[in-house]
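Heads up, the thing below is written out as structure tokens.
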Amino acid sequence: MAEDTYNSLGGEPQVGAVYQARDIGEVHHHVHVAAGSPPSTPYQLPPALAHFEDRRSEQERILRAVSGQADRGGPLVVALTGIGGVGKTALGFHVARRISDRFPDGVLYVDLDDLRRDGVVEVADAVGELLTGLGVSPEWLERSLGGRSKQYWTRTRGKRLLVVVDNARFGAEVLPLLPSSAESLAIVTSQGQLYDLDGVATVEVPMSPLAVDDAVRLLRHMVDDPRLGEEPDALVELARGCGGLPAALRVAGQWIRRHRRRSLTRLVAELTAELHERGIPMVEAVWDAAYAGLGPEAARLYRLLPEFPAPVVTAPAAAVLLAGGPQPAEDALEELEAAGLLENRPEGHRIHDLLRGHAERRSREADPSGTKRREARRRLIRWYRRQAIRADLLAAGPRMTFAAPGPPVPDVPDVEFGGKAEALRWMESQRLALYGCVRLASESGLYEDVWALCEPLWTHFLDHQHYADVTDAFRRGVTAAEHMEHLPALIRMRCQLARPLWEQERYEEAAEQLRHAVSAAGTLGDSEKERKLKASVVEFRGKLKSVRGDWASAVVDFESARQEHAAIGNAYGVLLQTYLLGCAALGMGEHGRAVDLLTDAHRMAREQSRERMTARTGFELGRALRRVGRAAEAAALVRSALDGARKRGSTADEVRVLEELAVLADETGEGAEAEEHRTAARLLVERSGGLSGAGQSS
């Protein structure tokens with residue numbers, strides 16, 4: 001049924017992948033670079049820290065390596081290794097800022113821990129993030145790792161780029177992220193040595209905790225206080241107790257500033273007492289002291305932050321954790337930042353992994369039964385479920401879903417979406433939290449919430465192919481619907497899981513999901529919604545067959561779905577299946593039949609005032625008319641499709657239409673015009689970051 005494949009902008013279905021990955025059926029919402037304007041140079045480094053200990057020897061070693069970089073056939077890799085909290089990322093950022101002018105083509109950043117699921121990184125997603133930073137819009141991203149790697153190599157060829165790869169665990173995760181240019185540099189942070197960076201010029205820079213003198217100097221930079229000069233022994237003891245970890249020293253510096261009336265000697269003595277009396281390391285005592293100085297709401301938020309399933313927490317999410325209004329949450333975040341327990345970034349607040357561990361320990365201590373933590377998790381999941389369903393309804397319009405958004409969370413306002421585009425941007429900005437909530441709900445046994453969250457994530461997936469996230473989420477959705485014995489949800493989850501599987505060319509896995517879905521659909525009743533769901537399952541199966549080139553079998557499925565829609569009076573379903581049948585006829589070379597089917601589909605689209613389907617059916621009808629020798633009629637339809645593609649800002653569609661116009665011009669003897677169209681298409685592909693030959697018409 002049409003509802004299962006709505007595109008996330010404008011409420012029209014995504015019916016692409018019928019016979020070509022980048023066909024006109026794929027309509028996405030993206031912001032595109034204006035024709036003739038190159039993408040801006042990426043600079044993906046966060047603002048500099050107010051205080052940074054230079055680590056002169058490490059910096060000098062890196063700078064010598066960069067200055068002496070020879071043409072080795074590939075980029076230089078600088079690997080910063082050391083324990084968590086030692087300052088690897090801070091040093092990587094600092095050096096990258098310092099030498100960024102040597103890399104005029106931009107600075108990119110990717111944190112592999114943000115993409116790690118069960119210890120494994122989906123490398124295709126990491127390459128996709130880098131390509132997006134290089135100006136490639138999601139509609140132009142290849143779907144396989146191999147395809148994206150080719151795009152990345154093409155996009156980085158001959159460039160002087162600096163790429164910062166944070167939190168790598170294995171060299172195999174890093175290798176696909178290296179630019180193809182020997183003039184580029186990659187700065188990689190890792191807790192251990194990357195032994196499997198074979199064949200890559202690598203300079204390893206091991207990072208030890210700061211020496212006591214360096215730690216003292218960092219504290220002096222952070223705290224302008226006469227006590228540091230008056231009580232040097234206490235200052236040295238504090239610096240030593242923090243283990244030379246910048247993450248601990250920053251908390252200690254804020255703690256000193258908070259207690260301005262106490263002598264430094266007294267403060268350090270209190271920490272030392274904790275060490276001797278309770279066996280707590282001084283670094284833990286420093287964090288305990290900072291935590292003890294928090295107000296009740298900030299302390300409660302600190303204890304609950306480890307429940308948040310994404311690296312960066314925003315003020316609305318903090319309000320959900322606290323079950324309070326926006327202002328108390330903002331005040332608590334500000335207090336935690338002032339205490340050095342949170343780092344403020346443009347996208348939100350981030351807690352260091354070491355401090356996350358400390359917060360978890362304090363949470364277990366304050367809430368030994370885990371009741372408050374479970375309540376916060378449930379509240380968070382339900383709030384994100386409600387917001388995602390609201391965003392989906394605004395972005396995709398009414399479609400076949402089975403979950404209700406749920407009631408508002410008490411005392412926590414809903415997100416105010418200004419329109420479709422804003423709703424889509426919110427979903428992308430909260431992607432890690434949304435997918436994280438699916439995992440959290442699954443692990444908490446909140447099965448209805450699992451598949452209910454998956455439903456709006458389908459809309460997000462159609463524009464953003466984060467395959468590791470979406471396949472994990474919909475697998476959990478299948479399991480959750482099975483637990484709930486919710487047959488319609490189970491069928492939907494299996495169908496929607498099948499699509500990302502077949503897009504990754506995992507055809508047998510996709511077919512297995514659809515076999516189960518078809519079998520389950522056979523037990524559905526005869527209500528209108530159940531019959532629509534049956535038709536949807538058959539449509540999914542037909543699409544998989546068409547992707548695999550089995551046109552004859554696909555036609556059987558599309559015809560069966562069309563009959564079902566006709567029987568229940570679903571005019572749009574009839575339109576969609578007629579369109580798919582027309583595309584299938586084109587794929588089989590039955591051009592006359594394709595003309596008849598697509599003429600009907602185009603008429604129905606106009607009668608139903610379906611603007612986007614009118615454009616799609618018109619384009620495909622134009623292609624069919626050209627093949628039966630009716631070039632003049634074809635040209636009018638294809639030119640109309642070009643206007644529509646430009647109006648929508650879809651460069652992928654524009655390229656396909658231009659290439660079809662080029663073929664039309666060739667057939668009518670307009671060679672110069674054909675070359676103009678092909679040149680325009682080629683320039684759009686190059687500017688958009690697509691592989692050469694992408695989107696070519698047949």
Side-chain angles (χ1 to χ4, degrees), residues 15-27 32-36 139-140 142 147 150-151 154 546 549 551 579-602 605 612-698:
V15 295
V18 173
Y19 64 94
Q20 189 175 46
R22 290 290 180 261
D23 67 13
I24 196 71
E26 301 240 357
V27 177
H32 296 284
V33 178
E139 68 176 336
W140 281 99
E142 292 294 314
K150 291 174 184 176
Q151 277 184 292
T154 301
S546 64
W551 295 109
Y579 166 71
L580 292 174
L581 284 165
C583 292
L586 265 179
M588 291 188 291
E590 297 178 359
H591 301 144
R593 176 167 168 73
V595 168
D596 293 340
L597 287 163
L598 291 168
T599 297
D600 286 345
H602 192 50
R612 289 178 181 271
M613 279 303 290
T614 298
R616 287 183 200 163
T617 55
F619 176 76
E620 296 300 336
L621 176 57
R623 296 180 70 227
L625 288 169
R626 171 173 64 80
R627 286 162 173 76
V628 295
R630 294 160 63 181
E633 297 170 76
L637 288 165
V638 176
R639 290 188 187 281
S640 177
L642 181 62
D643 293 339
R646 287 172 173 168
K647 181 179 177 181
R648 292 191 304 275
S650 173
T651 54
D653 287 353
E654 186 176 349
V655 166
R656 284 205 70 220
V657 177
L658 285 168
E659 290 172 342
E660 178 64 20
L661 285 171
V663 176
L664 272 167
D666 277 335
E667 292 189 359
T668 55
E670 302 292 339
E673 181 182 337
E675 185 57 31
E676 287 179 10
H677 291 317
R678 288 196 176 93
T679 299
R682 186 181 68 253
L683 290 174
L684 270 177
V685 170
E686 292 172 356
R687 189 176 302 124
S688 302
L691 293 175
S692 59
Q696 288 180 352
S697 301
S698 58

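Nothing fancy with the numbering, it's 1 onward along the sequence.
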Taking all atoms of both residues into account, what is the closest heavy-atom pair of [X] and [Y], and its distance?
{"X": "L658", "Y": "H677", "value": "O-CB, 3.4 Å"}
{"X": "L664", "Y": "A634", "value": "CD2-CB, 4.0 Å"}
{"X": "W551", "Y": "S546", "value": "CZ3-CB, 3.6 Å"}
{"X": "V657", "Y": "A641", "value": "CG2-CB, 4.1 Å"}
{"X": "A594", "Y": "G582", "value": "CB-O, 3.7 Å"}

**Prompt:** Should R630 and V595 count as side-chain neighbours, where that means a heavy-atom distance under 4.5 Å?
**Reply:**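 R630 reaches V595 side chain to side chain.
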inquiry  = Contact between L637 and F619 at the side-chain level, heavy atoms closer than 4.5 Å - yes or no?
reply    =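 The answer is no; the side chains never approach within 4.5 Å.
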Q) Does the distance from a Lys or Arg side-chain N to an Asp or Glu carboxylate O, for R687 and E654, drop under 4.0 Å? A)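 Not counted as a salt bridge, because no side-chain N and carboxylate O are separated by less than 4.0 Å.
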Got a salt bridge between E667 and R626, using NZ or NE/NH1/NH2 to carboxylate O under 4.0 Å? yes
Can you tell me how far the [atom1] atom of [X] sits from the [atom2] atom of [Y], to the nearest 0.5 Å?
{"X": "R682", "Y": "E659", "atom1": "CZ", "atom2": "CD", "result": "11.0 Å"}
{"X": "L642", "Y": "E660", "atom1": "CG", "atom2": "CD", "result": "11.5 Å"}
{"X": "R612", "Y": "T617", "atom1": "CZ", "atom2": "OG1", "result": "13.5 Å"}
{"X": "L581", "Y": "L586", "atom1": "CG", "atom2": "CG", "result": "11.5 Å"}

Does [X] have any side chain to side chain donor-acceptor pair (under 3.5 Å) partners at least two apart in sequence or in another chain, and if so, which?
{"X": "E676", "answer": "none"}
{"X": "E670", "answer": "none"}
{"X": "D666", "answer": "R678"}

Is [X] reaching over with its side chain to a backbone N or O of [Y], donor-acceptor style, under 3.5 angstrom?
{"X": "Q151", "Y": "W140", "result": "yes"}
{"X": "S688", "Y": "V685", "result": "no"}
{"X": "H591", "Y": "L625", "result": "no"}
{"X": "T154", "Y": "K150", "result": "yes"}
{"X": "E620", "Y": "L598", "result": "no"}
{"X": "E139", "Y": "T651", "result": "yes"}

